[in-house]
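Residue indices begin at 1 and follow the sequence shown. Heavy atoms only: backbone and side chains are in, while hydrogens, waters and symmetry mates are out.
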Amino acid sequence: MRKLKKLVLLGTGLIGGSFSLALKRARCVEHVVGVGRNPDNLSRALELKVIDEASQDAASAVTDADLVLLSAPVGQMAVLLQQIAPQLPAHCIVSDAGSTKQDVCTLYQKYLPHHLSRCVPGHPIAGSELSGAAAAQYGLYEGRRVVLTPLAESAAESVEFLRALWQACGAQVFEMSAAEHDGVFSAVSHVPHLLAFSYMNAVLDRHNAGLCFDFAATGFRDFTRIAASHPEMWRDITLANKDAILLDLKANAAQLLALIDCIENHDASGLNERIVRASTARSQWGRQSRS
């Protein structure tokens, strides 16, 4: 695998910063430029050696890049792609870390129509409620999964080069279609975050919310951890993947209504059946994920 001379991060936070650190440790990159809107975050990234150079101008940053990773929130990607399009070198591979893929694939088609062979949409499954350059860490991708959703126009050599880079970060790389990706991650990532946000708001609406928080313990902590996630990012993800998310939210609403019906009718058997089914499946998944 050839070494990257220059990596440009469009968004210098947990995901992009950890990608940079992992490639630096694997000696796969010589120079990393971080692009962002927050001067303090860029200064912190330089201080922590997450990046080697900081810029607030995406277009000028990519002029001699070998790889550009869009690791900003999905809602910012259209503007960024529009900005970099005139300055991209012909050989430069462009990828992203967006949590939704159909919308991002459409953006590549719209803003980089003559560069599509070098475009490889992706999604590292290694998020956190933490954000910013200070959250970046060397081992974030060790043993984690990265999903690539290549375009029909993506060159095989571009896909394989990006696969090799993620593998150098310690990740396991998979491929699927953008539509399949968005359906899967609506169910196992996007909707769980929305349910956590909704539950927190329900507690906040109680007349004794403060007292509830005083007595909240392990179960509350585990269930609500992801409710502390980046608001702008999750707003953008939700709107970008709204069709799949609405289907899953309605399915969850139906489950809640069925649960309410069991409780109202004192249906102990029906209630037990629902609890056992969920508990058994969760225990099995837990054992499999640890193996």
Side-chain angles (χ1 to χ4, degrees), residues 1-36 41-55 58 60-73 77 80-81 84 87-99 104 108 115 118-128 130-150 154-175:
M1 183 183 71
R2 72 179 188 273
K3 189 174 186 178
L4 288 171
K5 291 184 178 179
K6 181 177 177 181
L7 164 66
V8 176
L9 304 176
L10 300 184
T12 308
L14 169 72
I15 297 299
S18 297
F19 184 64
S20 169
L21 289 176
L23 291 181
K24 281 172 174 279
R25 183 170 63 179
R27 297 185 178 180
C28 291
V29 63
E30 294 179 7
H31 189 74
V32 181
V33 180
V35 179
N41 185 63
L42 291 174
S43 295
R44 185 65 173 148
L46 285 168
E47 179 185 344
L48 294 172
K49 301 188 185 303
V50 172
I51 60 176
D52 305 303
E53 179 184 345
S55 174
S60 63
V62 305
T63 53
D64 54 350
D66 297 306
L67 173 65
V68 172
L69 181 72
L70 287 94
S71 46
M77 290 189 185
L80 289 170
L81 285 171
I84 68 173
Q87 303 297 331
L88 273 177
H91 73 280
C92 181
I93 293 175
V94 183
S95 188
D96 68 278
S99 296
V104 175
Y108 284 126
H115 202 86
R118 298 296 185 183
C119 295
V120 186
H123 177 202
I125 317 305
S128 166
L130 302 176
S131 60
Q137 51 188 282
Y138 280 100
L140 182 66
Y141 300 116
E142 290 287 344
R144 300 295 187 91
R145 296 185 173 194
V146 171
V147 177
L148 301 181
T149 61
S154 300
E157 62 182 27
S158 300
V159 177
E160 291 311 308
F161 183 65
L162 194 63
R163 175 190 294 273
L165 287 176
W166 279 115
Q167 289 172 336
C169 295
Q172 301 173 359
V173 183
F174 298 82
E175 287 185 34

Under 3.5 Å, side-chain donor or acceptor atoms of residues 162-172 against the rest of the protein: list the pairs with distances, not counting sequence neighbours.
residue, atom, partner, partner atom, Å
Arg163, NH1, Val173, O, 3.3
Arg163, NH2, Glu175, OE2, 2.8

Which pairs with one or both residues in residues 10-26 pass salt bridge (charged side-chain N to carboxylate O under 4.0 Å, His left out), sequence neighbours excluded? Lys24-Asp52, Arg25-Glu142

Output the distance between atom CG (Leu88) and atom CG (Asp64), rounded to the nearest 0.5 Å. 11.5 Å

Heavy atoms only: give me the nearest Val68-Cys92 pair and the separation to one decimal. CG2-SG, 3.7 Å

To the nearest 0.5 Å, how far apart are OG in Ser43 and CG in Leu48? 11.0 Å

Applying side-chain hydrogen bond (donor to acceptor under 3.5 Å, both in side chains) to Asn41 and not counting sequence neighbours gives none

Non-hydrogen side-chain atoms of Arg118 and Val94 separated by less than 4.5 Å: no

Sub-3.5 Å donor-acceptor pair from the side chain of Thr12 to the main-chain atoms of Ala133, do we have one? no

Tell me if a side-chain donor or acceptor on Asp66 pairs with a main-chain N or O of Leu4 at a distance below 3.5 Å. no

Give me the atom names and distance for the closest heavy-atom approach of Gly11 to Ser71. O-OG, 2.5 Å

Looking only at atom types and distance, does a side-chain atom of Ser20 sit under 3.5 Å from a main-chain N or O of Val50, one as donor and one as acceptor? yes

Do Arg145 and His123 touch side chain to side chain, with heavy atoms closer than 4.5 Å? no

Residue pair Ala72 / Leu80: nearest heavy atoms and the distance that separates them: CB-CD1, 3.8 Å

Can you see which heavy atom on Ser95 is nearest to which on Tyr108, and at what distance? C-OH, 3.2 Å

Rounded to the nearest 0.5 Å, how far does CG of Leu10 lie from CG of Leu70? 4.5 Å

Contacts of Glu47 meeting side-chain hydrogen bond (donor to acceptor under 3.5 Å, both in side chains) (sequence neighbours excluded), chain-then-number -> Arg44

Distance-only, no hydrogens or angles: does the His115 side chain make a donor-acceptor pair with backbone N or O of His91 under 3.5 Å? no

Applying side chain to side chain contact (heavy atoms under 4.5 Å, CB included), can you list everything that pairs with Ser18, at least two apart in sequence or on another chain? Leu14, Ala136, Gln137, Leu140, Tyr141

When every non-hydrogen atom of Leu42 is compared with those of Val35, the smallest separation belongs to CD2-C, 4.1 Å

The criterion is side-chain hydrogen bond (donor to acceptor under 3.5 Å, both in side chains); which residues satisfy it with Thr63, sequence neighbours excluded? none

Looking only at heavy atoms, the pair that brings Ser154 and Cys119 closest together is OG-O, 2.6 Å

Step by step, work out the side-chain contact (heavy atoms from CB on, under 4.5 Å) result for Glu53 and Val33. CA-CA 5 Å; Glu53 179 184 345; Val33 180; 3.7 Å; yes

